[in-house]
Amino acid sequence: MQCILETMQSCQITAGQLILSLLTDRAQKNHSVNDLVPCVIDVFSAFLQHPSMQDKLKDFVLTRAGSTYHKEILSLVSQMGGWHFGASSATTKQLKDFSLEDME
């Protein structure tokens, strides 16, 4: 490990730069990066154990999840999503005939 750290230092590459390059550089996709992806839970767990990262990582994950759910909900309620309900134009018959089970 010391050899790797010394090489990174001599090349002026940080650990973050190395990982980002491994994950984003298409030329690296067939190399050792394949082992990194299955370890993502362990990597996140390690970040969560680091005191300076706990709040930042939790905020990031919650923001991303909230954004994803927001987009999905907007997609579902759009007219093209098939779940759109126009309350101002609904008839009494449509309201009586409505069933959540039929929406599946």
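Since the model is a prediction, treat every value here as computed from it, not as a measurement. Side chains included, hydrogens not; waters and symmetry mates left out as well; all remaining heavy atoms used.
Atom OG1 of T14 sits about 12.0 Å away from atom CD of Q9, to the nearest 0.5 Å. Here the OG-CD distance, from S67 to E72, works out to 10.0 Å after rounding to the nearest 0.5 Å.
The main-chain N or O of K71 is never found under 3.5 Å from a side-chain atom of S75 such that the two would form a donor-acceptor pair. Here the side chain of S21 pairs no donor or acceptor atom with the backbone of Q17 at under 3.5 angstrom. Judged purely by atom type and a 3.5 angstrom limit, S45 uses its side chain to pair as donor or acceptor with the backbone of I41.
Hydrophobic cluster membership is shared by L22 and I4, with clusters built from Ile, Leu, Val, Met, Phe, Trp and Tyr side chains linked at under 4.5 angstrom. Under the 4.5 Å side-chain heavy-atom criterion for grouping Ile, Leu, Val, Met, Phe, Trp and Tyr, L57 is not connected to L62 through any hydrophobic cluster.
Among all heavy-atom pairs drawn from I13 and L18, the shortest one is CG2-N, 3.9 Å. Contact detail for T24 and L20: the closest heavy-atom pair is OG1-O, 2.6 Å.
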